[in-house]
There are 2 protein chains.
Amino acid sequence: MPVAISPERMPAYKRIQETILKRIETGQLRPGEPVCSERELARIHGVSLMTARHALAGLEREGRVERRRGAGTFVAMPKVHFNKLMSYTEQMAGRNLAISSKVLSLKIVQDEPEVALRLSLPATARLLKLERIREAGNEPFALETCYLSAAEFAGLHRDSVKRGSLFSLLERDFGLEIAHADEEIDATQPDPAMVRLLAIPRDVPLLRIRQVIYSKQGKPSIYVLGLYRADRHIVHIRRFR
Amino acid sequence: MPVAISPERMPAYKRIQETILKRIETGQLRPGEPVCSERELARIHGVSLMTARHALAGLEREGRVERRRGAGTFVAMPKVHFNKLMSYTEQMAGRNLAISSKVLSLKIVQDEPEVALRLSLPATARLLKLERIREAGNEPFALETCYLSAAEFAGLHRDSVKRGSLFSLLERDFGLEIAHADEEIDATQPDPAMVRLLAIPRDVPLLRIRQVIYSKQGKPSIYVLGLYRADRHIVHIRRFR
DNA sequence: AAGTGGTCTAGACCACGGC
DNA sequence: CCGTGGTCTAGACCACTTC
């Protein structure tokens, strides 16, 4: 969670946003209920109308609030998070499946130049390669292979990876700020090694998802190759016209 | 394309946006080049600074323009359209493949209640069902089955469907305004009928994409079940943290 | 130093919605 | 009718970038 900056040097419009967000998050303000009007906010916070407007307009852009001319401003209905980048751990948290993962290997490789290129690194760069089996209820569901710059993420050890989510580890220990990921999805027939690893019949196709995960600075930081048994996984996305 | 409202009753900030957009689209203003500053715009259009600001802020939200404090406002780099909803025809337009489609059948069905439910129609509603083979270079690539409310889209005939994109047909002849689509992606083994229809080997998996396409009014209007040979299709999406 | 965008004021009129 | 959000003015100071 981002630490709140001292409210001293925070712009007025942002202060107003935070007080409203706090009231939404604590449940004092429920979805559909009216938020203070622009004029009320201006009076309460001792700012001009334009500033109060700016605050509400920002919240509307973020989808937290809905504005209806002539009627007022209302807390938006709870967000459905579309196209949200989540780790396997996070995705499974919503279900009541006992999810675990098994580290197959964590090593440094230098012979996968095509991956290095995806990460905008020189073809000869040293890469951390992490292979994991994802399981739910002790049944293997997927194989995920992550690649990271060995130079940038030096000090990543098998022990730290074994417990908990890689995302939160990288965010906490390496200050990585994840912004977005570009994904390519197709499907393949499992090869014999995959059939054995995932303990699946030969005729279950695998969803293959290649992710390049970018930091807020726009740097490609992680490359993930995931193979998911297609009879147990569905990808949900929303597209816009 | 939305018809331009008479500029008489158009807000000043919107007029300013349009003049800038026109200069971008005609190539007078190229990506990376500076747009007039707030102060210039205010002077040129005879409006206050806040109004000029409002115009630029809107363009920035839409990703048309990039603002850098202390430096200026610049035309944004050409948009990469992520998570953009496009018909098969539109997707293929970018490639230099001769794409065509063959209508297998267009009929009215009443025995697929699960589809009716996806369209928020009563289970017994009559549905238009359109089955098409998509081909590129005379090679079959995909099977797409579209469902629409027979009541709402009465008058859709085989002849009109045979030429051109279904999307543009519905947008033009039925005033359908498409807003977004929710997709589910997984993969399956082709059954014998699919092997024959697509003329593929048995071991090529199929990407299965189920789309519910919504109108701007929020009504689910089209349901599409697509089966794409996975060795010839990749789905691209962007996810956000 | 000059110019830019970011924040802000203290007002104004309009169009729209609900009562 | 009154209150709401939507647009707009004519200024102001600040932080920042570029030169």
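Every chain is numbered from 1 and lettered A, B, ... according to where its sequence line falls, protein lines coming before strand lines.
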Checklist entry - Of B:Leu121, B:Asp111, B:Leu148, which is the lone residue that meets side chain to side chain contact (heavy atoms under 4.5 Å, CB included) with B:Leu127? => result B:Leu121
Checklist entry - Between B:Leu56 (CG) and C:dT4 (P), how many Å, whole number? => result 12 Å
Checklist entry - How far does the helix from C:dA1-D:dT18 to C:dG18-D:dC1 bend, going by the axes of its first and last five pairs, to the nearest 10°? => result 10°
Item to check | Residue B:Ser37, side-chain heavy atoms: nucleotide from D:dT17, C:dT9, C:dG5 that is nearest | outcome: C:dG5
Checklist entry - Under 4.0 Å between a side-chain N/O of B:His54 and OP1 or OP2 of D:dC8, yes or no? => result no
Item to check | Main-chain N/O of A:Met50 paired with A:His54 side-chain donor or acceptor, under 3.5 Å | outcome: no
Checklist entry - Choosing from C:dT9, D:dG5, D:dT17, which nucleotide comes nearest the side chain of A:Arg67? => result D:dG5
Checklist outcome for this item: Rounded to whole Å, the CZ-P distance (A:Arg69 to C:dC16) equals 6 Å
Checklist entry - A:Tyr13 has an atom OH; how far is it from atom C1' of D:dC14, in whole Å? => result 14 Å
Next on the checklist: Regarding A:Arg53, tell me which of base, sugar-phosphate or nothing describes its non-hydrogen contacts under 4.0 Å with the strands shown.
Outcome noted: base
Next on the checklist: Quick check on contacts: within residues 39-47 of chain B, what sits under 4.0 Å from DNA chain C by heavy-atom distance?
Outcome noted: B:Arg39
Checklist entry - Do the side-chain N or O atoms of B:Thr51 get closer than 4.0 angstrom to the phosphate oxygens (OP1, OP2) of D:dT9? => result yes
